[in-house]
Amino acid sequence: MTTPFARRVLGIVGRIPPGRVATYGDVARAAGRPGAARAVGTIMRRAGAPGLPYHRVIAAGGRLGGYGGLPGLKAALLAAEGLVVRRGRVVRFAAHRWPRRA
DNA sequence: AGTTTGACAGCAC
DNA sequence: TGTGCTGCCAAAC
């Protein structure tokens with residue numbers, strides 16, 4: 001969060017409501033850098049800012065993406081919010097996606 | 001200041 | 001359906 005971009009990314013992540021998820025691409029777009037999905041991951045990996053729902057940021061297509069090398073924990077956290085994860089994918093992920101698509 | 005490194009995405013096998 | 005390769009971007013070396 002030392003950079004403006006990182007700060008925006010973290011701010012956006014913090015606004016993802018429980019039970020909803022956003023893709024790295026979604027966050028990148030919301031941060032004003034469409035296509036910077038990979039950079040979003042780079043930031044979150046190192047940010048380490050506590051209190052943010054990093055587990056609600058997943059990869060495209062409902063795939064889990066990474067979580068500090070603990071995909072099991074990420075899946076558990078999502079499950080605890082009512083989401084269904086099967087074979088590493090969030091079921092009906094589009095319906096839980098955030099922000100709402102027009 | 002240049003190079004390497006990923007918590008990504010999309011398309012081609 | 002699943003795996004691999006290439007393109008992209010910001011951050012860390």
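Every chain is numbered from 1, with letters handed out A, B, ... down the list of sequences.
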| message | If you take any heavy atom closer than 4.0 Å to DNA chain B, which residues from residues 30-38 of chain A end up in contact? | response | A:Ala37, A:Arg38
| message | Can you say whether a donor on the side chain of A:Tyr67 sits under 3.5 Å from an acceptor on the base of B:dA7, or the other way round? | response | no
| task | Measure the shortest side-chain to side-chain distance between A:Phe5 and A:Val40 over non-hydrogen atoms and say whether it is less than 4.5 angstrom. | result | yes
| Nucleotide B:dA7, atom C1' - distance to CZ of A:Arg56 in whole Å | 16 Å
| task | Would you indicate what A:Phe5 reaches in the nucleic acid, counting non-hydrogen atoms under 4.0 angstrom: base, sugar-phosphate, or nothing? | result | sugar-phosphate
| field | Spacing of A:Tyr54 atom OH relative to B:dC8 atom C1', expressed in whole Å | value | 17 Å
| said: For C:dA11 and A:Thr3 - does any side-chain N or O of the residue sit under 4.0 Å from the phosphate oxygens OP1/OP2? | reply: yes
| task | Starting at atom CE of A:Met44, determine the distance to atom P of B:dA7, rounded to an integer number of angstrom. | result | 12 Å
| query | Is a side-chain N or O of A:Lys74 found less than 3.5 angstrom from the main chain of A:Gly68, in a donor-acceptor match? | reply | no
| query | Under 4.5 Å between any side-chain heavy atoms of A:Arg97 and A:Thr23, yes or no? | reply | yes
| remark: Between A:Arg87 and A:Arg45, whichever has its closest DNA chain C nucleotide further toward 5' is A:Arg87
| request: Take the protein atom CG of A:Leu77 and the nucleotide atom P of B:dA7, then report the distance between them rounded to whole Å. | output: 18 Å
| DNA chain B: 5'-proximal contact among A:Thr42 and A:Ala60 (nearest heavy atom) | A:Thr42
| query | Within a strict 4.5 Å, meaning less than it, do heavy atoms of the A:Tyr54 and A:Ile16 side chains meet? | reply | no
| message | So does A:Arg86 get a backbone contact from the side chain of A:Arg89, meaning a donor-acceptor N/O pair under 3.5 Å? | response | no
| request: Measure the distance from CZ on A:Arg7 to C1' on C:dA11 and round it to the nearest whole Å. | output: 18 Å
| note | Rounded to whole Å, the CD1-C1' distance (A:Ile43 to B:dA7) equals 12 Å
| query | Any donor-acceptor pair under 3.5 Å linking the side chain of A:Arg20 with the backbone of A:Trp98? | reply | no
| message | Distance check needed: B:dA9 P versus A:Arg29 CZ, whole Å only. | response | 10 Å
| Distance in angstrom units between A:Arg89 CZ and B:dA9 P, rounded | 12 Å
| remark: For A:Ala28 and A:Ala36 the tightest heavy-atom approach is CB-C, 3.6 Å
